[in-house]
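Comments concern the structure below.
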Amino acid sequence: MPNYWLFKSEPDCYSIDDLKRDKSTFWDGVRNYQARNLLRDSIKVGDGVLFYHSSCDPMAIVGIADVTKGGSPDRTAFDPKSDHPDPKSNPDNPTWYGVEIHFRDKFKKAVLREDIKGEKRLAKMVLLQRGSRLSVQPVTADEWRAVLQIAGIKGN
DNA sequence: GCCAACGTTGGC
DNA sequence: GCCAACGTTGGC
């Protein structure tokens, strides 16, 4: 049984269209320990990812991706020229991790944050919880199905 | 190990 | 642009 997750991204930084173009990408740059633990320990090959556009208009779940490689060290932390270097992370004992995801679908109609708020089945999503700012967060199987149903995706 | 100060996130 | 909530840092 796969597990399900929601990854936040600011579309100016990396959008669903970027993922569609790239097909696959390594989800790097997460610098939060709670999210790191999920990336390193819990997110497995075959899991499903809801791709969410944050800090933009409109904020929405815009598509889905599959995890194609589980937690592995985020090498951008070692690169002083990367967007998010961390000199404290050591290649022999990496602090930060990421996973590889592969594009599956871009929703024809994005599931807007506004709509999520009005949907009973999605009321408990971590995304909507007060003060929640985890950029990688768990999604229940019921929430996953509800989102896909609202997006008009069949067979999941 | 507490906690105040500070920095960041992200919805509004 | 504002600001509440949260995470991190560092002095004690």
Side-chain angles (χ1 to χ4, degrees), chain A residues 3-22 25-43 47-65 67 70-101 103-140 142-152:
Chain A
N3 288 305
Y4 301 103
W5 312 95
L6 180 144
F7 286 13
K8 283 187 202 171
S9 185
E10 299 187 15
D12 286 349
C13 177
Y14 195 83
S15 72
I16 189 73
D17 292 316
D18 293 325
L19 181 61
K20 187 175 184 181
R21 178 200 61 215
D22 294 345
T25 196
F26 186 74
W27 204 254
D28 58 27
V30 174
R31 298 290 179 266
N32 167 281
Y33 286 101
Q34 207 179 334
R36 185 281 309 271
N37 292 346
L38 295 176
L39 290 165
R40 187 189 58 191
D41 306 330
S42 304
I43 303 181
D47 285 357
V49 173
L50 299 174
F51 198 103
Y52 177 78
H53 281 173
S54 67
S55 297
C56 62
D57 189 19
M59 290 179 274
I61 299 168
V62 291
I64 48 180
V67 176
S72 48
D74 179 352
R75 294 189 308 275
T76 66
F78 313 134
D79 179 1
K81 291 196 290 292
S82 83
D83 292 334
H84 18 68
D86 180 3
K88 292 194 294 298
S89 183
N90 172 351
D92 295 329
N93 183 19
T95 309
W96 305 115
Y97 282 72
V99 300
E100 185 184 73
I101 61 172
F103 177 81
R104 196 202 300 184
D105 203 4
K106 176 184 175 180
F107 295 157
K108 288 195 181 63
K109 262 176 48 182
V111 179
L112 304 184
R113 184 181 181 86
E114 265 317 298
D115 299 334
I116 296 170
K117 283 195 276 192
E119 172 60 49
K120 247 197 193 103
R121 289 172 294 172
L122 301 178
K124 289 186 177 161
M125 283 190 81
V126 175
L127 186 68
L128 296 185
Q129 283 166 24
R130 199 172 135 82
S132 162
R133 52 188 225 198
L134 252 191
S135 65
V136 169
Q137 47 183 255
V139 171
T140 69
D142 284 343
E143 290 163 350
W144 173 268
R145 280 191 292 270
V147 168
L148 265 54
Q149 189 191 0
I150 293 164

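Every chain is numbered from 1 and lettered A, B, ... according to where its sequence line falls, protein lines coming before strand lines.
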Contacts of type side chain to side chain contact (heavy atoms under 4.5 Å, CB included), residue A:Asp18, not counting sequence neighbours: A:Tyr14, A:Ser15, A:Arg21
Who pairs with A:Asp47 by side chain to side chain donor-acceptor pair (under 3.5 Å), at least two apart in sequence or on another chain? A:Trp5
I'd like a list of close polar pairs between nucleotides 10-12 of chain B and the protein, N/O only, cut-off under 3.5 Å.
{"unit_1": "B:dG10", "atom_1": "OP1", "unit_2": "A:Lys8", "atom_2": "NZ", "d": "3.2"}
{"unit_1": "B:dG10", "atom_1": "OP1", "unit_2": "A:Arg133", "atom_2": "O", "d": "2.7"}
{"unit_1": "B:dG11", "atom_1": "OP2", "unit_2": "A:Ser55", "atom_2": "N", "d": "3.0"}
{"unit_1": "B:dC12", "atom_1": "OP1", "unit_2": "A:Lys117", "atom_2": "NZ", "d": "3.2"}
{"unit_1": "B:dC12", "atom_1": "OP2", "unit_2": "A:Arg113", "atom_2": "NE", "d": "3.2"}
{"unit_1": "B:dC12", "atom_1": "OP2", "unit_2": "A:Lys117", "atom_2": "NZ", "d": "3.3"}

Whole-Å gap separating P (B:dT9) and CD (A:Gln137): 15 Å
Separation of B:dG7 atom P from A:Asn32 atom CG, nearest Å, is 19 Å
Interatomic distance, A:His84 NE2 vs B:dG7 C1' [rounded to whole Å]: 18 Å
For A:Arg75, all residues meeting salt bridge (Lys or Arg N to Asp or Glu O under 4.0 Å), sequence neighbours excluded: none
Side-chain polar contacts of residues 105-115 of chain A - donor-acceptor pairs under 3.5 angstrom, sequence neighbours left out - could you list them?
{"unit_1": "A:Lys106", "atom_1": "NZ", "unit_2": "A:Asp17", "atom_2": "OD1", "d": "2.9"}
{"unit_1": "A:Arg113", "atom_1": "NH1", "unit_2": "A:Tyr52", "atom_2": "OH", "d": "3.0"}
{"unit_1": "A:Glu114", "atom_1": "OE2", "unit_2": "A:Lys117", "atom_2": "NZ", "d": "3.1"}

Taken in chain and number order and not counting sequence neighbours, the residues that satisfy salt bridge (Lys or Arg N to Asp or Glu O under 4.0 Å) with A:Asp79 are none
